[in-house]
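These numbers were taken from a predicted model, which means no experiment stands behind them. Because only heavy atoms are used, hydrogens play no part in the values below, and waters and symmetry mates are left out as well, while side chains stay in.
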2 protein chains.
Amino acid sequence: MATAPKSAWAQHTRTTLEAAGHRSGAARDAVIELLARQDCCLSAKEIADQLAGEGAGVGIASVYRALETFDELGLVQRLDAGEGVVRYEPALPGGEHHHHIVCDRCGRVTAFADEALERAIDRVSKRLDHTVAGHDVVLRGACPRCH
Amino acid sequence: MATAPKSAWAQHTRTTLEAAGHRSGAARDAVIELLARQDCCLSAKEIADQLAGEGAGVGIASVYRALETFDELGLVQRLDAGEGVVRYEPALPGGEHHHHIVCDRCGRVTAFADEALERAIDRVSKRLDHTVAGHDVVLRGACPRCH
DNA sequence: GTGAATGCAAACTCTTTGCATGACT
DNA sequence: AGTCATGCAAAGAGTTTGCATTCAC
């Protein structure tokens, strides 16, 4: 599976935003840069805190608005692992994606991918009356550090 | 697959609660009765509203406390389908379970079960470093009514 | 110059907690 | 009688919205 460089996501995101008629702005740009550097998902608060730590004082509202825009354009994937926090991560243009396992004890979120699982989900999707547009799988259990 | 009658859940729940040293009470009993009648998942607010509609004025705090207790005892399954609301449904004693598909447009939640999907998840679980204790699958897409 | 993007603060929703009252064993 | 369960209200956490200002085009 050919993996696109992470920087490609930032590029793709800016292009898509412009095509959708959005202007560029400092806050949203900072969120793009931060997300592009990420391996896995972040919550809105984590994004705001991290940007604040870097000196870029981005209002939390702007973070939420940026994430909402990205979501509408399919540029990020929302991940709700329970615990009342929504996390976001870049959605790769190629459609490749992964799922997550959440540690019961420390709350750490780790990514994993599995071809067979994807195929099983595709097969189920065809069987159902719904028009399945997307899916999420969340596993729960103790991570290696917490064993 | 032998399916236990829904009333069995209420019975099992009351037994388990008593064994765990809990007293019985009107509010929690009402929640048990309501959940036992349900085919699929309900949010705390839906439970409270429905009970209020039936004349049983159960405080929302009691609903949350009951659900928390059930969850600790493994009597319900929590389901977080995004949208910032947690839903609960009776966990069948046999361990059989299903997953959910959420309509993009109307928000309706429907249940489905699939053996092959379960097997795929089991296989992935063994491969990972985590001790996988549970899992959730949420599909998203337009339901038949919203096509 | 116009309108979108931003930031602050207030509003909202869902959930949890403190505390006095009432109910179960 | 002693505790636990309940309900109300207040507190918290996460997210959204209103509005004036700033910035991109």
Side-chain angles (χ1 to χ4, degrees), chain A residues 13-35 41-52 54-73 75-76 78-88 107 109, chain B residues 13-35 41-52 54-73 75-76 78-88 107 109:
Chain A
T13 295
R14 275 190 257 265
T15 306
T16 307
L17 284 170
E18 193 178 343
H22 289 276
R23 295 180 182 176
S24 83
R28 198 162 50 205
D29 253 29
V31 176
I32 294 174
E33 288 299 330
L34 179 56
L35 276 179
C41 49
L42 288 177
S43 70
K45 193 168 171 307
E46 286 166 349
I47 292 172
D49 288 351
Q50 204 157 323
L51 289 177
E54 293 172 6
V58 173
I60 187 79
S62 298
V63 173
Y64 278 108
R65 279 191 276 240
L67 292 171
E68 184 189 358
T69 304
F70 298 163
D71 190 32
E72 284 167 1
L73 295 172
L75 296 165
V76 293
R78 293 180 56 142
L79 164 71
D80 199 330
E83 278 57 61
V85 202
V86 181
R87 290 189 173 78
Y88 296 83
V109 178
Chain B
T13 295
R14 275 191 259 264
T15 306
T16 306
L17 284 170
E18 193 178 343
H22 289 277
R23 294 182 183 175
S24 85
R28 198 162 51 203
D29 253 29
V31 176
I32 294 175
E33 287 300 329
L34 179 56
L35 276 179
C41 48
L42 289 176
S43 70
K45 193 168 171 306
E46 285 166 349
I47 292 171
D49 288 352
Q50 204 156 322
L51 290 176
E54 292 172 8
V58 173
I60 187 78
S62 299
V63 174
Y64 278 108
R65 279 190 276 238
L67 293 172
E68 184 188 358
T69 303
F70 298 163
D71 190 31
E72 285 167 0
L73 295 173
L75 296 165
V76 293
R78 294 180 56 142
L79 164 71
D80 199 330
E83 278 57 57
V85 203
V86 180
R87 291 189 173 78
Y88 297 83
V109 178

Taking side chain as C-beta onward, heavy atoms only, is [X] less than 4.5 Å from [Y]?
| X | Y | value |
| --- | --- | --- |
| Glu46(B) | Asp49(B) | no |
| Thr16(B) | Thr13(B) | no |
| Leu34(A) | Val31(A) | no |

To the nearest Å, how far apart are [X] [atom1] and [N] [atom2]?
| X | N | atom1 | atom2 | result |
| --- | --- | --- | --- | --- |
| Arg28(A) | dC25(D) | CZ | C1' | 14 Å |
| Leu67(A) | dT6(C) | CG | C1' | 15 Å |
| Asp29(A) | dA4(C) | CG | P | 18 Å |
| Leu42(B) | dC14(C) | CG | P | 15 Å |
| Arg14(A) | dC25(D) | CZ | P | 12 Å |
| Ile47(B) | dG7(D) | CD1 | P | 14 Å |
| Leu17(B) | dT6(D) | CG | P | 10 Å |
| Asp49(B) | dT15(C) | CG | P | 12 Å |

Distance in Å, [X] [atom1] paired with [Y] [atom2], rounded so as to fall on 0.5 Å steps:
| X | Y | atom1 | atom2 | value |
| --- | --- | --- | --- | --- |
| Arg14(B) | His22(B) | CZ | NE2 | 14.5 Å |
| Leu67(B) | Arg87(B) | CG | CZ | 13.0 Å |
| Leu35(B) | Ile47(B) | CG | CD1 | 4.5 Å |
| Tyr88(A) | Leu79(A) | OH | CG | 10.5 Å |

Return the minimal non-hydrogen interatomic distance between Asp80(A) and Val85(A), and the atom names on each side. OD1-O, 3.7 Å
Nearest heavy-atom contact between Ala30(B) and Val58(B) is CB-CG2, 4.1 Å
Counting only side-chain nitrogens and oxygens, does His22(A) get under 4.0 Å of the OP1 or OP2 atom of dA4(C)?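 False: His22(A) side-chain N/O out of range (4.0 Å or more) of dA4(C) OP1/OP2.
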Need one value for Gly57(B): base, sugar-phosphate or nothing, where a base atom within 4.0 Å counts as base even if backbone is also close, heavy atoms only.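 Answer is sugar-phosphate: Gly57(B) comes under 4.0 Å of backbone atoms only.
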With sugar-phosphate meaning primed atoms plus P, OP1 and OP2, does Ala27(B) contact a base, only sugar-phosphate, or nothing at under 4.0 Å between heavy atoms? sugar-phosphate
Under a 3.5 Å distance rule, please check whether Arg65(B) uses its side chain to pair with a backbone N or O of Arg28(B) as donor and acceptor.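 No, Arg65(B) side chain to Arg28(B) backbone: no donor-acceptor pair under 3.5 Å.
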Axial bend angle, the helix from dG1(C)-dC25(D) to dT25(C)-dA1(D): five-pair end segments, nearest 10°: 30°
What do you reckon, is CD of Glu18(B) surrounded by more than 12 foreign heavy atoms closer than 6.0 Å?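 Atom CD in Glu18(B) is not packed in, count stays at 12 or less.
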For nucleotides 12-15 of chain D, tabulate all protein N/O to nucleotide N/O atom pairs closer than 3.5 Å, reporting atom names and distance.
from	atom 1	to	atom 2	distance (Å)
dT15(D)	OP1	Val86(A)	N	3.0
dT15(D)	OP2	Tyr64(A)	OH	2.4
dT15(D)	O5'	Tyr64(A)	OH	3.0

Distances under 3.5 Å between nitrogen or oxygen atoms of protein and nucleotides 19-24 of chain D:
from	atom 1	to	atom 2	distance (Å)
dA24(D)	N3	Arg23(A)	NH1	3.0

